[in-house]
Amino acid sequence: MSAIIDNPIPTVLAVDDSPVMHGLVKQALGNDYRVLVTDNAVEALSLLYQEKVSILLLDVTMPEIDGLELCRTVRNLPQFQTLPIIMLTARDGAFEKVQGRLAGATEYLTKPFDPQTLSQVITQVLGGNS
């Protein structure tokens, strides 16, 4: 038998400057995914290079480098061009959603989020892994 096994549990990296959101995301996804959290874009980029991240959750509103800029940055890195990115933000206007898509987001969800919906969207984006 081949010993090459991809990480059996997909890793979700959540980037949000709110410790409360870190807890909510871990609570919503912790049973099905390995959840990593960080509160800034610089650490998020570092984690992307260190870990096998399956999906990226980004808040738009963050100090210094916002989620849209981080999304564009990730999309410009060849090895991450196909990485699923879900914007998870309180900004729910049509203009913000278009900005998210233009920045390269795969999906755009708004806060407060429904844990079941978030989990379903991640499963869909990851292709169900079945």
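What you are looking at is a predicted structure, and each value in this text was computed from that prediction instead of being measured.
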Engineer: Supply the atom-to-atom distance T106 OG1 to I122 CD1, rounded to the nearest 0.5 angstrom.
Structural biologist: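 Answer rounded to 0.5 Å: 11.0 Å.
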Engineer: Could you grab the distance from atom CG of D66 to atom CG of L58, nearest 0.5 Å is fine?
Structural biologist: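 One finds 9.5 Å between CG of D66 and CG of L58.
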Engineer: If you take all heavy atoms of P10 and P8, which pair is closest and at what distance?
Structural biologist: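 Minimum heavy-atom contact is CD-O, 3.6 Å.
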Engineer: Verify the cluster assignment for I55 and L109: are they in a single hydrophobic cluster under the rule of side-chain heavy atoms below 4.5 Å apart?
Structural biologist: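 They do share one cluster, since a chain of ILVMFWY contacts under 4.5 Å joins I55 to L109.
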Engineer: Transitive ILVMFWY cluster of V98 at side-chain heavy atoms under 4.5 Å: who else is in it?
Structural biologist: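 Same cluster as V98: L102.
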Engineer: Are any of the side-chain heavy atoms of V12 and V53 separated by less than 4.5 Å?
Structural biologist: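 Side chain of V12 against side chain of V53, heavy atoms only: no contact under 4.5 Å found.
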Engineer: Would L70 end up clustered with L36 when hydrophobic side chains under 4.5 Å apart are linked, directly or stepwise?
Structural biologist: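 Per the 4.5 Å side-chain linkage, L70 and L36 are co-clustered.
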Engineer: Determine, using the 4.5 Å side-chain heavy-atom cutoff (strictly less than), whether L57 and V60 are members of one ILVMFWY cluster.
Structural biologist: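 Unlinked, L57 and V60 end up in two clusters.
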Engineer: Please set out all donor-acceptor pairs under 3.5 angstrom arising from side-chain atoms of residues 82-93, sequence neighbours excluded.
Structural biologist:
unit_1	atom_1	unit_2	atom_2	d
T89	OG1	D59	OD1	3.4
T89	OG1	R91	N	3.3
R91	NE	T61	OG1	3.2

Engineer: Hey, could you give me each pair passing salt bridge (charged side-chain N to carboxylate O under 4.0 Å, His left out) that has a residue in residues 71-81? Not counting sequence neighbours.
Structural biologist: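 Qualifying pairs: E69-R72.
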Engineer: Just verifying a value: how many Å separate L48 CG and E43 CD, rounded to the nearest 0.5 Å?
Structural biologist: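 Between atom CG of L48 and atom CD of E43 there are 11.0 Å.
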Engineer: Compare all side-chain heavy atoms of L13 with those of E51 and state whether any distance is below 4.5 angstrom.
Structural biologist: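 They are not in side-chain contact.
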Engineer: Would L24 and L118 show up in the same hydrophobic cluster when neighbours are defined by side-chain heavy atoms closer than 4.5 Å?
Structural biologist: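 Yes, one cluster joins them.
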Engineer: Applying ring pair (Phe, Tyr, Trp, His ring centres under 6.0 Å) as the test, list every pair that has at least one member in residues 65-93; sequence neighbours left out.
Structural biologist: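 Ring pair (Phe, Tyr, Trp, His ring centres under 6.0 Å) check on residues 65-93 returns Y49-F80.
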Engineer: In residues 14-23, what donor-acceptor pairs under 3.5 Å come from side-chain atoms, sequence neighbours left out?
Structural biologist:
unit_1	atom_1	unit_2	atom_2	d
D16	OD1	S18	N	2.9
D16	OD2	K111	NZ	2.7
S18	OG	V20	N	3.2
S18	OG	M21	N	3.1
H22	NE2	D16	O	2.6
H22	NE2	T38	O	3.2

Engineer: Who pairs with Q27 by side-chain hydrogen bond (donor to acceptor under 3.5 Å, both in side chains), at least two apart in sequence or on another chain?
Structural biologist: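 If we apply the side-chain hydrogen bond (donor to acceptor under 3.5 Å, both in side chains) test to Q27, skipping adjacent residues, there are no hits.
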Engineer: Say you draw a straight line from CG of L56 to OG1 of T11; how long is it, rounded to the nearest 0.5 Å?
Structural biologist: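 The OG1 atom of T11 is 12.0 Å from CG of L56, to the nearest 0.5 Å.
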Engineer: State, to 0.1 Å, how close C71 and A105 come at their nearest heavy-atom pair, and which atoms those are.
Structural biologist: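 Answer, listing the atom of C71 first, then A105: SG-N, 3.6 Å.
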Engineer: What pairs of residues pass the salt bridge (charged side-chain N to carboxylate O under 4.0 Å, His left out) test when at least one of them lies in residues 96-108, not counting sequence neighbours?
Structural biologist: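 Sorted result for residues 96-108: R101-E107.
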Engineer: Working to the nearest 0.5 Å, report the span between CG of N40 and CD of E64.
Structural biologist: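 N40 CG to E64 CD: 7.0 Å, rounded to 0.5 Å.
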Engineer: For D114, enumerate each residue passing the side-chain contact (heavy atoms from CB on, under 4.5 Å) test, keeping only those at least two apart in sequence or located in another chain.
Structural biologist: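 Listed in chain order: Q116, T117.
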Engineer: Scan for ring pair (Phe, Tyr, Trp, His ring centres under 6.0 Å) pairs involving residues 99-126, sequence neighbours excluded, and state none if there are none.
Structural biologist: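 Found none.
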Engineer: With sequence neighbours left out, what residues match Q81 under side-chain hydrogen bond (donor to acceptor under 3.5 Å, both in side chains)?
Structural biologist: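 For Q81 there are no side-chain hydrogen bond (donor to acceptor under 3.5 Å, both in side chains) partners, ignoring immediate neighbours.
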Engineer: When rounded to the nearest 0.5 angstrom, what is the spacing between CG in D32 and CG in L126?
Structural biologist: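 Reported to 0.5 Å precision, the distance equals 11.0 Å.
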Engineer: Is there a side-chain contact between L47 and L45 (heavy atoms, below 4.5 Å)?
Structural biologist: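 The answer is no, as the side chains (C-beta and beyond) never meet within the 4.5 Å cut-off.
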